[in-house]
Amino acid sequence: MQSGTEAAIGDLLEGLSEPQREAVAHTEGPLLILAGPGSGKTRVVTRRAAHLACTVARPSQILAITFTNKAAREMQERIAVLGVAHGMTVCTFHALCAKLLRWHHDRAGIPRNFTIFDRDDRRKLIKKAIEECDLSSANWTPAVVERDISLAKNDMLTPDAYEARAPGWREESIARIYRQYEELLSEMAGLDFDDLLMRMAILLDKDDELRDDLEDRFRYVLIDEYQDTNASQYGIARRLTEKRQNLCATGDPDQSIYGWRGANIENILNFEHDFPEAKVVRLEQNYRSTQRILAAADRLITGNLKRKEKSLWTQNDEGAAVRVFECETGQTEAKRIAEGISQELRSGGAAREIAVFYRVNSLSRVVEEALLKAGIAYQIARGLEFYSRKEIKDVLAYLRVLVNPADEVALLRIINTPPRGIGATTIGRLVERAKTSGLSVHDLIVSGDDLSDLGRSSAKVHEFGKLLESLRSVLNLPAPDALTHVMGHSGLRAHYSETTSADEAPAQNLDELITASAEYQAEHPEATLLDWLEHTALVADVDSVREGTGAVTLMTLHAAKGLEFDVVYIVGLEDGLLPFRRRDEQDGDEEEERRLLFVGITRARKLLTLSHARVRMQRGCSERTVSSPFLEELPQDGVEWDRVDISSRRGRSDGKTGRLPDDIEEWSIGTLVRHEVRGLGQIVSLHRGAKRTHVTVRFRDGSEQTWVLEFAKLTRVDFDEVGDLDCLDS
DNA sequence: AATATTCCCGTTTTT
DNA sequence: CGGGAATATT
């Protein structure tokens, strides 16, 4: 910051386009950077942070907030290269809130040792809340209730506010469950993901002194992916920058893809209204993709009404045509992609520069199988998979209980893991007893007083209590040592080693967890066990994507945001899948789906391939598909349609997708039919609509399924044929 | 109480 | 198809 500063500042402004330079050089006051894909946003943002640190601020006064740990890490690294990172705070919203809430727990009115409840924990607790409200979880699906509560929290609605906003029979019940759930959380000193944000937003709202302190501490705030902020995050952003208005928001309305998580695209659209003094910079030149890829993206996104007009342009080459593969099944689709990738690799392409994106995780399977068969190495962006493994959650649950004894979800997980003779009835009694006595289950167990009514089990429970006591000492150890100790003394290590012959993965995963914690400890020497535990709760899928692994990357379209690859495949461009639509056909947000595809397309630098299958197998049955309307929104020029394997398809070859209408006469209730996958069945109902006929078939196992007749893979079966089929089937 | 078996249900997308 | 829960078995 002293000598050579002039030169350093000069360097930071070097080699930038005019709008980029403007953004980097901006210091005081609100700034909105509308950054199209591949427009060098990260470059601008990191340089601007460095520039601030060289001119008007100390690094410690700069706060940069991202949505994923990966983005935070990358930003930190790229600022470090510029030589000024030290002391800057770069982290995710969730990590920031967790830290601040821990630090200011007394002001927030929560215990210092709160634990973060993940999705599974939350679901268990919601289930419990539903039961305690005397509602049936058959009618009140935990998943649905969970979604509603999460959305309410993202909008910063308390149960009362939620109920007041949309009064009704359903809302009343949800609000009751919500209240009960909050009660349970607070008893257990737990916060879910949404709480981290909402509590922080509320705290900043009401605690002037704290807000003042934080505003003085963080004088320059930068928020990445502003289009994905929800009400809580927006509240935090506003409150943290009230005094100085030094908020720099970067984002792109066309890449807003988290509406389902409560993100409000209006936050970025209204930025200039919120900050009338705001300077707005548009980064529209694309440095990433070929002309043809960019043209496809640009043409597609024009279909959206809710957006800020942007004209994307590039000086890059025209490039190869965008390809559209039409395939017969998901399997042939995957096979063709594997072939394409093989070819790419043979001609010298690097595997790490190739990616496959899909709308839903379940589509990864077919692709994986095809890549495996073709001998192509791949990595999947699923960090969560590791942390959601049984053995890993078991160990972490021990630590959670040690840190926060009130954490009943974790306690019930480990009370009989590994098996120690404490069964369901005993656990039920303990929980009941805790409820009536007002003690936590943990205290009940550890206090050791008369548990004699538990009979033979009381000794085992007592023993478990002693185990917990003896493990307490690990709280002061570094994470790797604590883990080793807990794994050894709890019997988990032995438990998972015994089963080695069948499956050795669990034992290996335990080792891997120790390694991971050691890595973390090395990176953060000051960190406590609690810090590490918090860290494990806040990892995301994308965070696990490593660079330079020499493997093809597979991930969801959501996870792909912010990344780029030379070669990109996007699979499953089928109506209902992309754009995704729920089964109960209340249409989703088509504009958001379009943006999602836009995000996917714009990840590609050189070669883009979109594909769809005419028959898609999902949850065990194959169904006919309709190709995505988005495909028709692509430009005519520069897009090459490839329907090469269509000739190999079975059945009609007249090009019609459904049966002729007069055919329908032959289908009625009682008709015997055969389905490709499910076998023999009988039509039990038939509903004729204007365009489509819905048919419900009951199979021999008693199950029923409904299809659109025109698309169903059903064939009529004659009575005399049935005898034979019967023999075959039985 | 622990293990083996069947059955039932479902999901976008994620911090 | 696959995971988790209810159910059957030892």
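Chain letters run A, B, ... following the sequence lines, proteins first and then strands; every chain starts at 1.
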task: Just compare dT11(B), dT13(B), dT15(B) and give me whichever is closest to any side-chain atom of R359(A).
output: dT13(B)

- prompt: Base, sugar-phosphate, or nothing for D194(A), non-hydrogen atoms under 4.0 angstrom?
  reply: nothing

- request: Check the angle between the aromatic planes of Y162(A) and Y178(A) and answer parallel, tilted or perpendicular using the 30° and 60° thresholds.
  value: perpendicular

- request: Would you kindly compare A95(A) and G421(A) by the position of their nearest DNA chain B nucleotide and give the one closer to the 5′ end?
  value: G421(A)

- prompt: Counting only side-chain N and O atoms of N416(A), is one of them less than 4.0 Å from OP1 or OP2 of dA2(B)?
  reply: yes

query: Any idea which of dA2(B), dT14(B), dT12(B) is nearest the T556(A) side chain?
result: dT14(B)

field: Heavy atoms of other groups near K41(A) NZ, more than 12 under 6.0 Å
entry: yes

task: Sticking with atom C1', work out how far dA5(C) lies from dT12(B), rounded to a whole angstrom.
output: 23 Å

- prompt: Are D407(A) and T115(A) linked by a side-chain donor-acceptor pair shorter than 3.5 Å?
  reply: yes

- prompt: dT14(B) C1' sits how many Å from L197(A) CG, rounded?
  reply: 12 Å

Euclidean distance, atom OH of residue Y358(A) to atom P of dT11(B) [Å, nearest integer]: 19 Å

task: To the nearest Å, give me how far apart OH (Y387(A)) and P (dT15(B)) are.
output: 13 Å

task: Sort out for me which residue in D194(A), D148(A), D192(A) forms a salt bridge (charged side-chain N to carboxylate O under 4.0 Å, His left out) with K153(A).
output: D192(A)

Could you run down the sub-3.5 Å N/O contacts of the protein with nucleotides 2-8 of chain C?
unit_1, atom_1, unit_2, atom_2, d
dG2(C), OP1, R365(A), NH1, 2.9

field: Minimum-distance nucleotide to W260(A) side chain [options: dA1(B), dA2(B), dT13(B)]
entry: dT13(B)

message: Does the structure place the NZ or CZ of R122(A) under 6.0 Å from the centre of the six-membered ring of Y181(A), at an angle of no more than 45° from the ring's axis?
response: no

query: Do the ring centers of F114(A) and H105(A) come within less than 6.0 Å of each other?
result: no

- prompt: Can you check whether N361(A) has a side-chain N or O nearer than 4.0 Å to OP1 or OP2 of dT13(B)?
  reply: yes

- prompt: For the pair made of CG in L596(A) and P in dT12(B), what is the distance, rounded to whole Å?
  reply: 14 Å

- prompt: Which part of the nucleic acid does F67(A) contact within heavy-atom distance under 4.0 Å: base, sugar-phosphate only, or nothing?
  reply: sugar-phosphate

- prompt: By centroid distance (under 5.5 Å) and plane angle (under 30°), are Y258(A) and dT14(B) in a stacked arrangement?
  reply: no

message: Tell me the interatomic distance from H94(A), atom NE2, to dT15(B), atom P, rounded to whole angstroms.
response: 8 Å

Length of the CD1-C1' vector between I570(A) and dT13(B), whole Å: 15 Å

- prompt: Toward the 5' end of DNA chain B, which comes first, G423(A) or A537(A), by nearest nucleotide?
  reply: G423(A)

message: What is the separation between atom CZ on R147(A) and atom P on dT13(B), rounded to the nearest whole Å?
response: 14 Å

task: Please check the phosphate of dT14(B) (OP1 and OP2 only) for any side-chain N or O of T68(A) closer than 4.0 Å.
output: no

message: For Y387(A) and D118(A), which I'm curious about, is there any donor-acceptor pair between the side chains at under 3.5 Å?
response: no

message: Nearest to the R619(A) side chain among dT13(B), dT15(B), dC1(C), which nucleotide is it?
response: dC1(C)

task: Check every strand shown and say whether A424(A) touches a base, only sugar-phosphate, or nothing at a heavy-atom separation below 4.0 Å.
output: sugar-phosphate

field: Short side-chain donor-acceptor distance under 3.5 Å, Y496(A) and N509(A)
entry: no

- line: Of dT11(B), dA1(B), dT13(B), the nucleotide closest to the side chain of A143(A) is dT11(B)

- prompt: Which pair of heavy atoms, one from S628(A) and one from P579(A), lies closest together, and at what distance?
  reply: OG-CD, 3.7 Å

query: What nucleotide, of dT13(B), dT14(B), dA1(B), holds the atom closest to the side chain of A559(A)?
result: dT14(B)

Side-chain H-bond candidate by donor/acceptor type, Q227(A) with E225(A), under 3.5 Å: yes

query: Around E266(A), counting heavy atoms of other residues, nucleotides and ligands shown, do more than 12 lie under 6.0 Å from its CD?
result: yes

- prompt: To the nearest angstrom, how far is M555(A) atom CE from dT15(B) atom P?
  reply: 12 Å

query: For DNA chain B, what dot-bracket results from Watson-Crick or G-U pairs at under 3.5 Å, with [ ] for crossers and | for inter-strand partners?
result: ||||||||||.....

